[in-house]
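Single-structure report; data block below.
Convention: sequence-line order gives letters A, B, ...; per-chain numbering from 1.
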Amino acid sequence: MFTVGAFVGGVLLLAPGPAHADGDPALGEKVFKKCSACHAVGEGAKNRVGPELNAVVGRAAATVEGYRYSKPIVAAGADGLVWSEDTLSQFLADPKGFLKGTKMAFAGLKKDDDIADVIAYLKTFGGPDKAADAAPAEPAAEPAETAAGTPAAPEMETGSAEAAAAHGVLHLGRPATADEVAAWDIDVRPDGLGLPAGQGTVAQGETIFAEQCASCHGDFGEGAGRWPVLAGGQDTLTRERPVKTIGSYWPYLSTVYDYVRRAMPFGNARSLSDDDVYALTAYVLYLNDIVTDEDFELSKDNFSQARLPNEDNFIEDDRKSEPGMADKTEPCMSNCMAEPAGVSMRAAVLDVTPDADNEDQGAGSVD
Amino acid sequence: MTSTSIIDSALQRSRRSFLKSGLAGGAALMAGSAAARAAGDPLITEIQDWNRYPGDGVDAAPYGQPSQFEAEVVRRDVPWLTADPISSINFTPLHELDGIITPNGLCFERHHGGKAVIAPADHRIIINGMVDTPLVFTMEDLKRFPRENRIYFLECAANSGMEWRGAQLNGCQFTHGMVHCVMYTGVPLRYLLAEAGVKPGGSWLLAEGADASAMTRSIPMDKALDDCLVAFKMNGEALRPEQGYPVRLVVPGWEGNMWVKWLRRLEVGDAPWAQREETSKYTDLMPDGKARRHTFLMDVKSVITSPSPQAPVTHGKGPLVITGLAWSGGGRISRVDVTIDGGRNWRTARIDGPSLPKALHRFYLEIDWDGSEMFLQSRAIDEDGYVQPTKDALRAVRGVNSIYHNNGIQTWQVRTDGMVENVEIS
């Protein structure tokens with residue numbers, strides 16, 4: 001185990017590392033998707049925003065050729081830091097706590113199992129146990145960062161005539177890598193397509209909601225100011241003032257997962273883990289009385305069993321069957337009304353038009 | 001006989017035989033008060049500063065701005081409409097504009113996570129899903145495809161949405177200003193899709209933005225392959241940041257929310273994705289509690305932009321130009337009728353300027369105003385024969401909770417003093 005004091009000002013080891021049972025490489029491959037925005041691993045992996053990770057387990061820190069490391073990790077490596085399962089576990093649990101000043105922006109993996117699994121996955125690309133039969137790590141052919149210090153784009157076959165000829169008519173653009181598609185393709189459909197592995201309980205969601213969501217949506221999803229109301233409103237859709245919430249209006253739970261993952265919390269999008277989003281989605285079900293048990297755990301496996309009550313009330317666009325649209329008769333041009341027109345309603349009565357000294361509020365919404 | 005043809009025939013008569021006297025008569029009419037006639041208008045009789053001293057040189061404004069006297073011609077927002085200006089809307093000042101093209105800086109803005117700032121060199125567009133080859137395009141790649149120039153209106157589905165329950169906002173800018181019309185330069189979307197190769201069964205397309213809301217909408221593949229553009233210019237110059245710089249989707253005739261800005265991803269699939277903006281929003285709640293979804297098309301619509309509450313009649317009775325805009329997501333406008341008596345009698349207005357499918361049309365009706373109260377309305381008919389309905393006809397079918405797709409006929413009351421108010425009549 002690497003210890004504090006071996007070098008100055010870098011590593012902080014305040015707690016023993018998480019216990020690591022034998023991880024599952026298959027599960028680790030899914031966990032690694034979180035890493036793959038920056039790190040490549042496998043045959044031909046190159047340095048990207050982060051260094052390539054072939055044979056990282058057992059490797060001395062800061063030794064991948066051509067990758068421009070931050071100063072703290074270079075110092076740690078010089079002082080003997082080796083990425084054992086122990087040190088990697090501690091680093092992945094709390095990157096900035098383990099290695100102060102690291103430029104790895106990742107917040108860390110919260111679950112010990114995820115850490116064990118991702119390390120098991122990384123070990124399949126070489127490591128102390130099977131270094132002999134591991135494919136040698138591809139030497140970095142080109143520096144991963146430009147002289148100016150900005151991250152280089154992933155290595156691509158952009159210039160290759162054969163690669164270009166492989167697609168399309170004009171052969172413009174280049175094939176997207178699986179990692180690139182995975183980084184952006186986070187949409188989830190009602191049939192569950194796109195749901196990531198993971199799970200979260202109502203109780204976990206309540207904690208996250210209080211910290212990250214309640215300031216706008218209210219403690220119970222009642223909405224603050226004009227921020228969206230998330231809960232309640234059942235049986236109001238035919239009333240004068242409908243309250244359209246996830247429980248009363250939204251047709252599909254997948255939309256909640258998809259939207260929270262891509263755009264929430266407002267002002268810090270993409271900051272929630274997949275498990276956090278499962279927990280929040282479970283909590284929103286709880287706020288709407290669709291589940292009642294605080295221990296209820298929503299996961300990829302049971303997601304499609306949760307249905308929202310208003311699903312069947314959505315219909316396809318049938319505007320063209322309205323009398324006014326179905327009937328295209330020539331409109332009246334003269335003597336169309338028996339009596340002269342009279343005013344039945346004035347905007348000035350409401351007086352909600354914005355100007356310098358008018359702060360009244362009107363009805364309606366544009367979103 | 002229309003006002004314009006009266007003027008033309010009068011001109012011909014005067015050129016034939018009454019040239020001198022005709023012009024003299026015209027001059028007498030044009031001059032101001034009796035006092036001004038006697039002493040002369042000082043703006044004419046005295047030499048003005050701008051006539052004596054040189055103005056700024058060509059180096060003063062490398063990117064030109066409107067005249068300082070047009071400072072009131074700006075987009076405005078309605079603060080109470082939304083929780084936060086970062087996810088909000090402002091409105092095009094339609095009452096100040098003419099023709100069919102909206103100046104870039106006046107096109108209304110609607111975004112859901114603020115304006116993204118993206119350097120073109122850092123922008124990527126991915127096509128993935130049910131395609132033969134998932135692809136990445138740079139902006140440079142995009143500009144190597146054949147391009148088209150097309151003029152289209154863009155209307156938010158919620159335009160006039162605050163008026164469902166009755167007259168509420170006193171200004172054409174606020175009742176109808178979620179619309180603009182510019183010339184886009186872009187690549188037909190089908191060219192990009194052909195490059196990736198759409199697989200059999202690929203019947204829907206998800207468009208995604210790169211902004212902090214990662215805006216997404218599902219678009220039927222038929223539309224994507226028809227007339228959608230991936231546009232990088234508006235009115236000849238780069239897209240404005242608030243319009244999706246460096247690149248946006250153009251979905252002609254369909255609701256503005258689908259025109260995804262900061263476009264970064266196109267995914268092909270075999271079913272719609274039921275994203276937030278096509279389930280909880282942009283669905284139209286009917287009186288029986290059912291909600292229409294996939295209400296993409298923007299229906300035939302028109303509005304008189306002047307006179308209107310923000311553009312009152314200040315010149316008294318006599319010649320008055322009534323003008324407005326008409327548009328339809330279904331194609332061209334074939335006719336616009338205007339009434340000054342609240343719909344008892346209608347006259348067909350004159351459409352001037354280009355008449356292009358899915359673009360704004362400019363109409364005029366020149367009248368000799370007798371100074372009495374008027375109830376102005378316009379009624380558009382599109383090339384498919386759809387007639388713009390009254391608001392009451394819409395409410396009879398849809399109730400008042402639809403929010404979206406309010407294309408009802410607008411009424412402006414012009415009072416005898418020339419002031420104008422948003423009213424409803426019966």
Problem set entry | Which portion of A:D191 sits near chain B, non-hydrogen atoms under 4.5 angstrom | neither

Exercise. Counting only heavy atoms not in A:E240, do more than 12 fall under 6.0 Å of its CD?
Worked result: no

Problem set entry | Contact origin within B:P272 toward chain A - heavy atom pairs under 4.5 Å | backbone

Problem set entry | Residue among A:R319, A:R270, A:R239, A:M264 with most heavy-atom pairs under 4.5 Å to chain B | A:R319

Exercise. So do the side chains of A:I315 and B:R293 get within less than 4.5 Å of each other, counting heavy atoms only?
Worked result: no

Problem set entry | B:D77 versus chain A, the contacting section by heavy-atom distance below 4.5 Å | backbone

For this session: Please check if atom CD in B:E140 has more than 12 non-hydrogen atoms from other residues, nucleotides or ligands closer than 6.0 Å.
Result: no

Exercise. Between the side chain of B:R344 and the main-chain N/O of A:A338, is any donor-acceptor distance below 3.5 Å?
Worked result: yes

Problem set entry | Min side-chain heavy-atom separation A:K320-B:L297 under 4.5 Å | yes

Exercise. Do the side chains of A:T353 and B:Q310 get nearer than 4.5 Å, heavy atoms only?
Worked result: no

Problem set entry | Considering all heavy atoms, the nearest B:G342-A:A341 contact | CA-CB, 4.2 Å

Exercise. How far does CD1 of B:I126 sit from OG1 of A:T177, to the nearest 0.5 angstrom?
Worked result: 7.5 Å

Exercise. Under 4.5 Å between any side-chain heavy atoms of A:T255 and B:S280, yes or no?
Worked result: no

Problem set entry | Contact check, side chains of B:W273 and A:D258, non-hydrogen atoms, under 4.5 Å | no

Problem set entry | Check: A:P175 main-chain N/O paired with B:T133 side-chain donor or acceptor under 3.5 Å | no

Exercise. For the candidates B:T390, B:D384, B:T348, B:D211, which exhibits the highest count of non-hydrogen atom pairs separated by less than 4.5 Å from chain A?
Worked result: B:D384

Exercise. Measuring heavy-atom distances to chain A, does B:L206 have an atom under 4.5 Å in its side chain, in its backbone, in both, or in neither?
Worked result: side chain

For this session: Identify whether NZ of Lys or CZ of Arg in B:R276 sits under 6.0 Å from the centre of the six-membered ring of A:Y259 and within 45° of that ring's axis.
Result: yes

For this session: Mind running side-chain contact (heavy atoms from CB on, under 4.5 Å) on B:F375 and A:V343 for me, showing each step along the way?
Result: CA-CA 9 Å; B:F375 293 107; A:V343 173; 3.4 Å; yes

Exercise. What's the verdict on salt bridge (charged side-chain N to carboxylate O under 4.0 Å, His left out) for A:R262 and B:E208, showing C-alpha distance, side-chain angles and the deciding distance?
Worked result: CA-CA 11 Å; A:R262 75 174 51 250; B:E208 179 180 82; 2.7 Å; yes

Problem set entry | Rounded distance [0.5 Å steps], CZ in A:F314 versus OG1 in B:T283 | 4.5 Å

Seminar exercise, completed: Residue from B:R144, B:Q275, B:R76 scoring the most non-hydrogen pairs under 4.5 Å with chain A is B:Q275

Problem set entry | Gap between atom OG of B:S87 and atom CZ of A:R226 - 0.5 Å precision | 13.0 Å

Problem set entry | Derivation and outcome, side-chain contact (heavy atoms from CB on, under 4.5 Å), residues B:F296 and A:D317 | CA-CA 8 Å; B:F296 302 134; A:D317 182 3; over 6 Å; no

Problem set entry | Residues, nucleotides or ligands: over 12 heavy atoms within 6.0 Å of A:D235 CG | no

For this session: Against chain A, work out which of B:D84, B:T138, B:I381 has the most heavy-atom pairs shorter than 4.5 Å and name it.
Result: B:D84

Seminar exercise, completed: Applying a strict 4.5 Å limit to non-hydrogen atoms, the region of A:W227 in contact with chain B is both

Problem set entry | Choice from B:D270, B:D288, B:V387, B:L394 maximising heavy atom contacts with chain A below 4.5 Å | B:D270

Exercise. Between B:G113, B:G399, B:A271, B:P389, which has the largest tally of heavy atom pairs under 4.5 Å with chain A?
Worked result: B:A271

Seminar exercise, completed: In short, B:R292 meets A:E316 closest at the heavy-atom pair CG-O, 4.3 Å

For this session: Of all the heavy-atom pairs spanning A:T238 and B:P287, show the shortest one and how long it is.
Result: CG2-O, 3.6 Å

For this session: List the atom of B:R335, the atom of A:P331, and the distance in Å for their closest heavy-atom pair.
Result: NH2-CG, 3.9 Å

Exercise. For A:C332 and B:W346, which heavy atoms make the closest approach, and how far apart are they?
Worked result: O-CD1, 3.4 Å

Exercise. Looking only at atom types and distance, does a side-chain atom of B:E195 sit under 3.5 Å from a main-chain N or O of A:H171, one as donor and one as acceptor?
Worked result: yes

Exercise. Between A:K244 and B:I403, is a side-chain contact (heavy atoms from CB on, under 4.5 Å) present by the stated rule, with each step listed?
Worked result: CA-CA 12 Å; A:K244 297 198 280 189; B:I403 299 178; 3.8 Å; yes

For this session: Find the one option among A:L193, A:D318, A:V181 whose heavy-atom pairs under 4.5 Å with chain B are most numerous.
Result: A:D318

Problem set entry | Backbone N/O of A:D185 and side chain of B:E267: donor-acceptor pair under 3.5 Å | no

For this session: For A:W184 and B:N128, run side-chain contact (heavy atoms from CB on, under 4.5 Å): C-alpha distance rounded to whole Å, both residues' side-chain angles, the deciding distance at 0.1 Å, then the answer.
Result: CA-CA 10 Å; A:W184 281 3; B:N128 72 301; over 6 Å; no

For this session: Output yes when B:R265 and A:D187 qualify as a salt bridge under the 4.0 Å nitrogen-oxygen rule, no when they do not.
Result: yes

Exercise. OG1 of B:T411 to CZ of A:R346: how many Å apart, nearest 0.5 Å?
Worked result: 12.0 Å

Problem set entry | Approximate separation, where rounding is to 0.5 Å, of A:M337 CE and B:N345 CG | 10.0 Å

Problem set entry | Side chains of B:D299 and A:M325 in contact at under 4.5 Å (non-hydrogen atoms) | yes

For this session: Can you tell which part of A:V188 gets under 4.5 Å to a heavy atom of chain B, answering side chain, backbone, both or neither?
Result: backbone

Exercise. Taking all non-hydrogen atoms of both residues, which atom of A:P190 and which atom of B:A274 are closest, and how far apart?
Worked result: CG-CB, 3.5 Å

Exercise. Which one, B:T216, B:D132, B:V78, leads in non-hydrogen pairs under 4.5 Å with chain A?
Worked result: B:T216

Exercise. Relative to chain A, which segment of B:R398 carries a heavy atom at a distance below 4.5 Å: side chain, backbone, both, or neither?
Worked result: side chain

Exercise. So which part of A:T329 gets closer than 4.5 Å to some heavy atom of chain B, the side chain, the backbone, both or neither?
Worked result: backbone

